[in-house]
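Bear in mind the structure is a predicted one, so any value in this text is a computation, not a measurement.
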Amino acid sequence: DIRFERITSDSILFKTDKRVLRKLKVVPRLDLSFESSYNLMGEIKVVPEIVEVSGPKSRIDSLEFLTVEGLAYNAISDSLTINYNFEDDHRLKGLDIVPNQITIEVPVDKFTEKSFEVPITWNKDISIRTFPNKVKVVFLVPLSNYEQLTVSDIQATVNLKDGFQTKKRLKVEIGGIPHFAKLLRTEPDKIEFIIKK
């Protein structure tokens, strides 16, 4: 009791692309805020830093690196270890990432100020007298490195380049700052001088 009246043809479309594999760096973009006196101590570390990404060539070619986004942490007062799974990132759907999980290490330390009075030196065999002859330098230093920062590390110099005689004041440049310390200010940052004869 069944008969065909008509047959209507239809089609299914498949979008195809060449599949490629590339090694890409992982760049974390984190939203971090710290408790008072705490801050980032050094650089954020990603393990592993490089992952293998495979997928359609058109998508892979558009990627320069992989970003980790959408992670926010507030009132941080200690170092963080974050385990991140790429499978949970909807932006990367359709891509295969090996390994698909990475660890992000955020080093945090308590910071405090440390200051020194540093004598001013200059770069030429010219006899000058500076006013003042010392400057106060103030640094932001992690507590774990507090004792490592000493006045012997720091140099305060003025550059007696050609034409300095026409200037009224010279800018003080601070050198020898260890990687863990941040210069907050120099007091004063410009000094007066006279040329001695």
Between side-chain atoms of residues 24-49 and protein atoms elsewhere (two or more places apart, or another chain), which donor-acceptor pairs fall under 3.5 Å?
from	atom 1	to	atom 2	distance (Å)
Arg29	NH1	Glu69	OE2	3.2
Ser33	OG	Asn74	OD1	3.1

Do Trp122 and Leu170 come within less than 4.5 Å of each other through their side chains, counting heavy atoms only?
no
Distance check, rounded to the nearest 0.5 Å: Glu187 atom CD versus Glu117 atom CD?
10.0 Å
With rounding to the nearest 0.5 angstrom, report the CD1 to CD distance, Ile128 to Gln165.
10.0 Å
Run the numbers on Val158 and Phe164 for side chain to side chain contact (heavy atoms under 4.5 Å, CB included), then give the verdict.
CA-CA 10 Å; Val158 288; Phe164 82 93; over 6 Å; no
As a quick check of understanding, evaluate side chain to side chain contact (heavy atoms under 4.5 Å, CB included) for Asp153 and Ile177, giving each step before the final call.
CA-CA 7 Å; Asp153 297 324; Ile177 305 171; over 6 Å; no
Heavy atoms from other residues, nucleotides or ligands near NZ of Lys114 exceed 12 (cutoff 6.0 Å):
yes
Are Leu183 and Val151 joined in one hydrophobic group, where the rule is that I, L, V, M, F, W and Y side chains link up if heavy atoms are under 4.5 Å apart?
yes
Mark yes or no for whether Asp61, through its side chain, and Ser58, through its backbone, hold a donor-acceptor pair below 3.5 Å.
no
Indicate the atoms forming the closest heavy-atom contact of Ile154 with Pro178, along with that distance.
CD1-CD, 4.4 Å
With rounding to the nearest 0.5 angstrom, report the CG to CD1 distance, Asn133 to Ile120.
7.0 Å
Is the CZ atom of Arg129 crowded by more than 12 outside heavy atoms at less than 6.0 Å?
no
Set out, in order, the CA-CA distance, both residues' side-chain angles and the distance that settles side chain to side chain contact (heavy atoms under 4.5 Å, CB included) for Arg19 and Ser54, then state yes or no.
CA-CA 7 Å; Arg19 191 171 184 83; Ser54 60; 3.7 Å; yes
Give, for atom CD1 of Ile174 and atom CZ of Phe139, the distance between the pair rounded to the nearest 0.5 Å.
6.5 Å
Is the shortest heavy-atom distance from the side chain of Asp189 to the side chain of Val135 under 4.5 Å?
no
Looking at Thr186 and Pro188, would you say the former's side chain and the latter's main chain have a donor-acceptor pair under 3.5 Å?
no
Could you please spell out the steps behind the side chain to side chain contact (heavy atoms under 4.5 Å, CB included) verdict for Ile82 and Tyr73?
CA-CA 11 Å; Ile82 304 164; Tyr73 297 87; 3.5 Å; yes
Side chain proximity check, Gln101 to Asn85, heavy atoms < 4.5 angstrom
yes
Report whether Phe180 and Tyr146 are members of the same hydrophobic cluster (ILVMFWY, side-chain heavy atoms less than 4.5 Å apart, transitive linking).
no
Does some side-chain heavy atom of Val68 sit less than 4.5 Å from a side-chain heavy atom of Ile102?
yes
Is a side-chain donor or acceptor of Ser79 paired with a backbone partner of Val108 at a separation under 3.5 angstrom?
yes
Minimum-distance pair of heavy atoms, taken over all atoms of Ala181 and Leu149
CB-CD2, 4.3 Å
ILVMFWY network linking Ile126 to Val172, side-chain heavy atoms under 4.5 angstrom:
yes
I need the Leu66 CG to Asp89 CG distance, nearest 0.5 Å.
9.0 Å
When you group the ILVMFWY residues by side-chain heavy-atom contacts below 4.5 Å and let the links chain together, are Leu143 and Phe116 in the same group?
no
Treating Ile, Leu, Val, Met, Phe, Trp and Tyr as nodes and any side-chain heavy-atom pair under 4.5 angstrom as an edge, say whether Phe65 and Leu21 lie in one connected cluster.
no
Of all heavy-atom pairs linking Thr150 and Glu147, the shortest is CG2-O, 3.9 Å
Crowding at NZ, Lys124 (>12 non-hydrogen neighbours, <6.0 Å)
yes
Interatomic spacing from CZ in Arg59 to CG in Leu92 - rounded to 0.5 Å
7.0 Å
Please list, chain by chain and in numerical order, all residues satisfying side chain to side chain contact (heavy atoms under 4.5 Å, CB included) with Asn123, sequence neighbours excluded.
Asn159, Leu160
